[in-house]
Amino acid sequence: MFAKVIIEYATKKLDQTFIYKVPLVLQAKIKVGMKVLVPFGNKKIYGFVLELSNKAEENFAIKEIEKIVDEELVLNEELLQIADYLCTTTLCPKISALQTLLPSSFKAKRQKSNYELSDTFVKLNPEANIYAYQKNNARALRQLAIIDQLEKNGSMLKKDLASSSLNTLINNNVVLCYKVPKYRLNQNKGQAHRVILTVEQDKVYKQIKAALNHQETFLLYGITGSGKTEIYLKLIADVVKKGKTALLLVPEIVLTAQIVKRFYQEFGSQVAILHSALSEGEKHDEYLKIKRQEVNIVIGTRSAVFAPLENIGIIIIDEEHSVTFKQENTPRYNAKDIASFRAKYHNIPLVLGSATPLLETKARADKKVFTLLTLKSRVGKAVLPQIHIVDMLPELKRRNHILSALLKEKIQKRLEAHEQIILLLNRRGHSTYINCSNCGFIYKCPNCDITLTYHKSSNNLICHYCGYQKQKDNLCPKCGEDGLNYYGLGTEKLEEFVAREYPEARIIRMDQDTTSKKGAHQKYIEAFLAEEYDILIGTQMVAKGLDFPKVTLVGVINADNSLNIPDFRANENTFALLNQVAGRSGRKELQGEVVIQTFNPDNFVIKCVAQNSYDTFYQTEMNIRRQLKYPPYYYLIGLKVVGKDYHKTLAEAQKIKNYLKTKVAQETIVLGPTTALILKYNNEYRFQIIIKYRFDEELKNILKEIDTMYVLNKDINVEIDVDPLHL
Ligand code: ADP
Ligand code: ZN
């Protein structure tokens, strides 16, 4: 028996397959889709079995497969098809696609035993003559006591009984030991609080339920607080009742906390969760639970879309507009596309939920490719919050740099009423740059062409792109004077300011810096929910999906941060962010308010947010996209040409552009090369070519050809991003 194996090189992602002999001992076990260890040169290297056959194609000395990495770990037919799909759609190498399908604990060279925990139990041997043993050992009182206990309890943890008497019983074959896999995350069902769906919710629920036996994609467009999660719960309960499984994707780890809690309450240990804040061991356990079909619901972030669920009955993507569903490095896939592939494979519904659908999604719903379902009102007595726009220019003159007079006053009122407040500032750290007033010196990253952000808690200057850090100096490193001044506002400085302004208020800050510890997200959310704090300050992390009944005021400190990013999606992302964060206010009985501070009060995005008008925003933005030939009117592909030498890289980018021009279809537009948004990143220069097209059958082949040309080039790298979410 022979196996075709695709191997994992350490460095370059090169697709190469080799034929290996399957040794006799492995022949009964080996399957297509298994990970194996094979000899390669004088090394041992990992690979995946792609084919098995009885005839070898070549005749020279064929080496033998060394071992199967893990017999439980088989990529099934569906996952292998997904790997092919990833290759053709994102133009990635097959080996990257295959690796992406497995959690990282399987990629590492570490041993399986490091991850898998188990408990040892003991029980009476059903084949032993216990009665006779008791009679013959009438004076071994300890042994008799253990037998009594086991008779009463059936089985017990070995460590609870550990003693020499137990060992004697085991040696005499009266007691048996056995292992039970132990998972790190374990949840029992809680008090399920049944809600009765509102008329509006019920209508949506029934419509999707009627589609459970065929493929249909739904856009569930429901305003914030309209109760989408409850609909997901009901649908998933139905699917599980039918003996099928369900997959729910959420955009952020922070969001998993609240949703997972709700699902644990309802379904307990039937739920597995997958996201990057789990430890390697936890991820490994959750993956095995799914693989062993011990759970039937998976909730997770982007990569959970590859969960090895069988017999899926529904796939739901919450906050479908989120950019986090797109992976930013190879393979540059979008979890929504994979979800769509799987929904077709299983012939089941795919539900895309959002209060601010991505333009592409809404456009497809308008064209009836997707079925549009709408939730127009909040649940119960809750209504959408009142939104105030504050022009910050006059505020600056009144020396209100950080908080406007209006926001200050409203914070004071809500504090007095013992209600809660969320303040959004989309920038972490203390000051966004430090500038010497004496010589004009500015701290910049030595590897990237951007300024360093000051983080006061660690007294470090940090590059938010490459992670470079250095200690801050007391005196200017250039002129030696005491002239260093702090500019630009980050969450750390905002927290300081708010604490000074409201000394009585209890404040927490949630951003990447404060939540890097495992479990921190969850702890913060629980504490805020338990009203241990009055004000929650945070980056976009606090904007999405969270449900705090006591929050009645949301303040957006600087709405322009995201509006000013030079990207075709800046408007769309800003609208979604502001609408989302506004949606955190007044979700239950208490009426909510929102204050948005901006230097662009007349900008149509801000105005649409204030009027809570997704439809107006959608129409206006669609017009802009049509004029500028952006998605959803045109498809987009971004090429980055990356290299250490500025001129060589630019010249190469020009060459690629010229080549493309001669090859692409006539209506296809090739733009650039221009400098990327961050030209120098990690000591490499990056030039960008943008392709806009509508129909171009050959385009992906041409790009694949270009990609292959540069795989072995040491100086120049080409990164291709199909359907980028930003440029
Ligand atoms: P969305 O995800 O649409 O923003 P949620 O699903 O978080 O909204 O629901 C908002 C709040 O309303 C939650 O606290 C939820 O528990 C509650 N809720 C949802 N549906 C109902 C219902 N039918 N009856 C009572 N409360 C509900
Ligand atoms: Zn840097």
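Please read these numbers as outputs of a predicted model, since none were measured by experiment. Order of appearance sets the numbers: ligands from 1, and atoms from 1 within every ligand.
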Evaluate the criterion salt bridge (Lys or Arg N to Asp or Glu O under 4.0 Å) for residue pair Asp449 and Lys444; output intermediate values, then yes/no. CA-CA 7 Å; Asp449 64 347; Lys444 282 198 159 179; over 6 Å; no

With heavy atoms of [X] as the reference, note each atom of ligand 1 found under 4.0 Å away.
X: Thr224; result: 4 (O)
X: Ile196; result: 22 (C), 23 (N), 24 (N)
X: Asp547; result: 11 (C), 13 (C), 14 (O)

Applying side chain to side chain donor-acceptor pair (under 3.5 Å), can you list everything that pairs with Lys410, at least two apart in sequence or on another chain? Glu593

Any N or O on Arg584 sitting closer than 3.5 Å to an N or O of ligand 1? no

Can you find an N/O atom of Val379 closer than 3.5 Å to an N/O atom of ligand 1? no

Test log, rule ring pair (Phe, Tyr, Trp, His ring centres under 6.0 Å), inputs Tyr443 and Tyr454: CA-CA 10 Å; Tyr443 278 106; Tyr454 177 52; 9.1 Å; no

Test item: Val250 and Glu319 side chains (from C-beta on) under 4.5 Å apart, heavy atoms: no

Do the non-hydrogen side-chain atoms of Met510 and Ile525 ever get within less than 4.5 Å of each other? yes

Check if Gly222 has a non-hydrogen atom at a distance under 4.0 Å from any atom of ligand 1. no

Relative to the ring of Tyr681, is the ring of Tyr465 parallel (under 30°), tilted (30 to 60°) or perpendicular (over 60°)? perpendicular

Out of Pro549, Gly380, Ala355, Gly227, the nearest non-hydrogen contact to atom 8 (O) of ligand 1 is supplied by Gly227

Minimum non-hydrogen distance to atom 7 (O) of ligand 1, winning option of Arg587, Lys234, Lys228: Arg587

Inspect the contact between [Y] and [X] and indicate whether a charged nitrogen and a carboxylate oxygen are less than 4.0 angstrom apart.
X: Lys644; Y: Asp715; answer: no
X: Glu419; Y: Arg414; answer: yes
X: Asp238; Y: Lys234; answer: no
X: Lys640; Y: Glu328; answer: no

Using a 4.0 Å heavy-atom threshold (strictly under), name the region of Arg378 that reaches ligand 1: side chain, backbone, both or neither. neither

Counting no waters, what protein N/O/S atoms lie under 2.8 Å from the Zn ion (ligand 2)? Cys445 SG, Cys448 SG, Cys463 SG, Cys466 SG

